[in-house]
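Since the structure is predicted, the reported quantities are computational estimates derived from the model, not experimental observations. Whatever order the structure lists ligands and atoms in, that order sets their numbers, starting from 1. All values below come from the heavy atoms of this structure, side chains included, with hydrogens, waters and symmetry mates left out.
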Amino acid sequence: MKVVEKFISINGEGERAGELAAFIRFWGCNLACTYCDTKWANETSCPYEDLSPKDIYDYILSCNVTNVTLTGGEPLLQKDMIKLLEILLKDKSLHIEIETNGAVSIEKVAKLRDELNAYDNLSFTMDYKLISSGFEDAMILENFDYLKPVDIVKFVCESTDLERAAFVIEKYKLTDKCIVYLSPVFGKIELEEMVEFMKKNCMNKVRLQIQMHKVIWEPDKKGV
Ligand SMILES: C[S@@+](CC[C@H](N)C(=O)[O-])C[C@H]1O[C@@H](n2cnc3c(N)ncnc32)[C@H](O)[C@@H]1O
Ligand SMILES: Nc1nc2[nH]cc(C(=O)O)c2c(=O)[nH]1
Ligand code: SF4
Ligand SMILES: [Mg+2]
């Protein structure tokens, strides 16, 4: 599997924000979002380590942390992802979070989670890419069918995206299915504007979420 960086940090996003996690960042993506903060990881010239699922599990064990974030790039493009998850899910002490872009089917992973009844050990944080990303047309809407209450759908927004985010949340009744986040494209929208929008649109059960690691460290620092 193509790994461009691996590190321990606090998780800056998601349900376990603030908790320590081992991060595995995989190389390559099928999208090229305008705002992507890890474009470097998607470049053909980006160096990577070729690690087996077992190598990755051994690294995770060596970290001595129980949360694991699989990210990228787009982690679900890695051909051994199911093998990796089969190994990780045998270890009931781990909680695995998969950051995915909504443009790759989550069906196989979701079905593995069903088979293993592993809802306490695996969750998706899936983006719904909005207009400003340039990739709304790539969204696979069937992915919504596989989401469970432990999962997150995240809408990363600029000002021009807010109305569309509210529309999609309502149309697919996402707050009834899973956790829903609105998150700013870093530095591109005032947080106050997002809160005012949430108030005006009575966005109950939707949460504003900020990338904590960009507050703690320089926003483009790698490995944190
Ligand atoms: C780098 S992506 C990797 C995982 C997957 N490719 C995806 O897009 O979900 C991880 C998360 O960072 C978010 N992200 C990327 N660039 C961002 C930015 N400039 N501001 C806020 N969030 C950003 C993405 O929307 C996604 O939720
Ligand atoms: N600290 C920290 N938390 C994160 N949560 C999700 C991340 C990601 O890049 O997907 C990330 C990241 O890059 N750093
Ligand atoms: S899908 Fe994720 S990794 Fe790919 S370009 Fe968009 S934000 Fe970056
Ligand atoms: Mg990141």
A.B. asks: I need the contact residues for ligand 2: any residue with a non-hydrogen atom closer than 4.0 Å to the ligand, ordered by chain then number.
C.D. replies: S9, I10, N11, G12, E13, F23, R25, T71, E99, H213, V224
A.B. asks: Donor-acceptor pair, Y59 side chain versus F7 backbone, under 3.5 Å?
C.D. replies: yes
A.B. asks: Taking all non-hydrogen atoms of both residues, which atom of R25 and which atom of T38 are closest, and how far apart?
C.D. replies: NH1-CG2, 3.4 Å
A.B. asks: Looking at P53 and K83, what are the two nearest heavy atoms and their distance?
C.D. replies: CG-CB, 4.0 Å
A.B. asks: Show the nearest heavy-atom pair for residues L76 and V104, with the distance to one decimal.
C.D. replies: CB-CG1, 3.8 Å
A.B. asks: Which residues pass the salt bridge (charged side-chain N to carboxylate O under 4.0 Å, His left out) test with E196, sequence neighbours left out?
C.D. replies: K199
A.B. asks: Which residues and atoms, protein N, O or S only, are under 2.8 Å from atom 8 (Fe) of ligand 3?
C.D. replies: C36 SG
A.B. asks: Taking atom CG as the centre, does D137 end up with more than 12 heavy-atom neighbours from other residues, nucleotides or ligands that are less than 6.0 angstrom away?
C.D. replies: no
A.B. asks: Considering only NZ, NE, NH1 and NH2 on the basic side and carboxylate oxygens on the acidic side, decide whether R113 and D151 come within less than 4.0 Å.
C.D. replies: yes
A.B. asks: Nearest protein heavy atom to atom 7 (S) of ligand 3, by residue and atom, and its distance?
C.D. replies: K129 NZ, 3.6 Å
A.B. asks: Is the closest basic N to carboxylate O distance between K111 and E107 below 4.0 Å?
C.D. replies: yes
A.B. asks: My understanding is that a hydrophobic cluster links ILVMFWY residues whose side chain heavy atoms are under 4.5 Å apart, including indirect links. Using that, what else belongs to the cluster containing W27?
C.D. replies: V4, W40, Y48
A.B. asks: Using every non-hydrogen atom in the two residues, find where E13 and E97 come nearest and quote the distance to one decimal.
C.D. replies: O-OE2, 4.1 Å
